[in-house]
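To keep things clear, I will list the structure first and then write my remarks on it.
The sequence lines fix the lettering, A, B, ..., with proteins before strands; numbering per chain opens at 1. Because only heavy atoms are used, hydrogens play no part in the values below, and waters and symmetry mates are left out as well, while side chains stay in.
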There are 2 protein chains.
Amino acid sequence: MNIKEASEKTGVSSAAIRYYEKEGLIPAIDRSDNGNREIDERIIRRITFARQMRAAGMSIENLRRYIQLFDSNEDNTREQMDLLREQMTQMEEKRDDIQAAIDHLHYKLDHYDDHMQSAEDELRELERKHDNQK
Amino acid sequence: MNIKEASEKTGVSSAAIRYYEKEGLIPAIDRSDNGNREIDERIIRRITFARQMRAAGMSIENLRRYIQLFDSNEDNTREQMDLLREQMTQMEEKRDDIQAAIDHLHYKLDHYDDHMQSAEDELRELERKHDNQK
DNA sequence: ACTTGCCTTGAAGTACACTTTAAGGTTTAA
DNA sequence: TTAAACCTTAAAGTGTACTTCAAGGCAAGT
């Protein structure tokens, strides 16, 4: 499979696949005789994994660190797991931040009919509700 | 309250508060006699709202669009609500992306003991599980 | 008078994650 | 043989969201 097909299959642009390879987010890709990348299912899975982690906000730097551990032959299970746990914690925080924002906007939408004269009214209302929860 | 106190209270840097004001993410802030910003609770709430939306991944551009509608005197309830709903949809998608990544990493962590010889083993395992779910 | 510590502005600089460009190579089809 | 459609690389460019810098002002304390 050439890079264009891989791009279509994974939803990652050809340029980004090259970039990921150069940055060590995916393994080095074998070349065919003419020097073109010959992409197999193993690489597709690695690209897809990278895409998923990137979509969840994992930085290039952290993803590279993890992949380097992962692809090394040494037993660095401890470090890998620590890194994974650290990333999961960050993702959970981000997920919760987003959920809080969704709840906030949901509240705004639900109360649009009641009082929409001014920004202040609405913000006071939100503030009051927030205070009551404490 | 001066900008430094506001920064400490909201967790948004002084420079970012100035930037948010310039970009129209928060209203224009009143100045005291010497030209310094005099920040009250209303502004604090606006900064906090901006911070929360930013933390959830809402772009400066979209936040400005919403705030401009919000602070205008015209009745653009429809546009405001449409914008809010659009943003919520985006946030929900992002939240779900993150959750999928968390689930993936969780699976990895849970199965670390079983088979950690190679990246390929693990990825095959994930692939298999994924296929089974279809 | 001077240092400290805050403030102001506009402009320039930075980090991240790609994307785009430039210059060229190969393969296939007409 | 020439055009189309892919590929390669290195390097430069881009957008976002700030941060940092430079140059100066104000107010209080020593």
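Protein atom OH of Tyr19(A) is 11 Å distant from nucleotide atom C1' of dT19(C), rounded to whole Å. Protein atom CE of Met53(B) is 14 Å distant from nucleotide atom P of dC18(D), rounded to whole Å. Rounded to whole angstrom, the span from the NZ atom of Lys22(A) across to the C1' atom of dT9(D) amounts to 9 Å. Atom C1' of nucleotide dC6(D) and atom CD1 of Ile39(A) are separated by 13 Å, given to the nearest angstrom. Counting to the nearest Å, the C1' atom of dT26(C) and the CZ atom of Arg37(A) are 15 Å from each other. Counting to the nearest Å, the P atom of dC18(C) and the CG atom of Leu25(A) are 8 Å from each other. Summarising the geometry, the separation between CZ on Arg51(A) and P on dA17(C) is reported as 17 Å, rounded to the nearest angstrom. Taking atom CD of Glu23(A) as the reference point, atom P of dC18(C) lies 10 Å away to the nearest angstrom.
Listed pair Asn36(B) / dT8(C) fails the phosphate criterion, with no side-chain N or O lying under 4.0 Å from OP1 or OP2. OP1 or OP2 of dA17(C) has not a single side-chain nitrogen or oxygen of Tyr20(A) nearer than 4.0 Å. An OP1 or OP2 oxygen of dC7(D) is reached within less than 4.0 angstrom by no side-chain nitrogen or oxygen of Asn34(A). In this structure, Ser13(A) does not reach the dC18(C) phosphate: none of its side-chain N or O atoms is under 4.0 Å from OP1 or OP2.
No donor-acceptor pair under 3.5 Å is formed between the side chain of Arg31(A) and the backbone N or O of Glu38(A). A donor-acceptor pair is defined here as one N or O able to donate and one able to accept, closer than 3.5 Å; no such pair exists between the side chain of Arg78(B) and the backbone of Asp82(B).
If you check every strand for non-hydrogen atoms under 4.0 Å, Arg18(B) touches a base. Ser14(B) comes within contact range of no nucleotide atom at all, as no heavy-atom separation falls under 4.0 Å. At the heavy-atom level, Ala16(B) lies under 4.0 Å from the strands shown only through sugar-phosphate atoms.
Only Arg54(B), Ser59(B), Ile60(B), listed by number, bring a heavy atom of residues 54-64 of chain B to less than 4.0 angstrom from any atom of DNA chain D.
Heavy atoms only, all atoms of each residue included: Ser14(B) and Ile3(B) are closest at O-CD1, 3.5 Å. Closest of all the heavy-atom pairs between Leu109(B) and Leu84(A) is CG-CD1, 4.0 Å.
Listed nucleotides: dC6(D), dT19(C), dC6(C). Nearest to the side chain of Ala15(A): dT19(C).
The residues Asp71(B) and Arg46(B) are annotated as salt-bridged, a charged nitrogen and a carboxylate oxygen being separated by less than 4.0 angstrom.
Shown here are the side chain to side chain donor-acceptor pair (under 3.5 Å) partners of Glu21(B), two or more places apart in sequence or in another chain: Arg37(B).
Counting non-hydrogen atoms of neighbouring residues, nucleotides and ligands closer than 6.0 angstrom, the CG atom of Asn34(A) exceeds 12 such neighbours.
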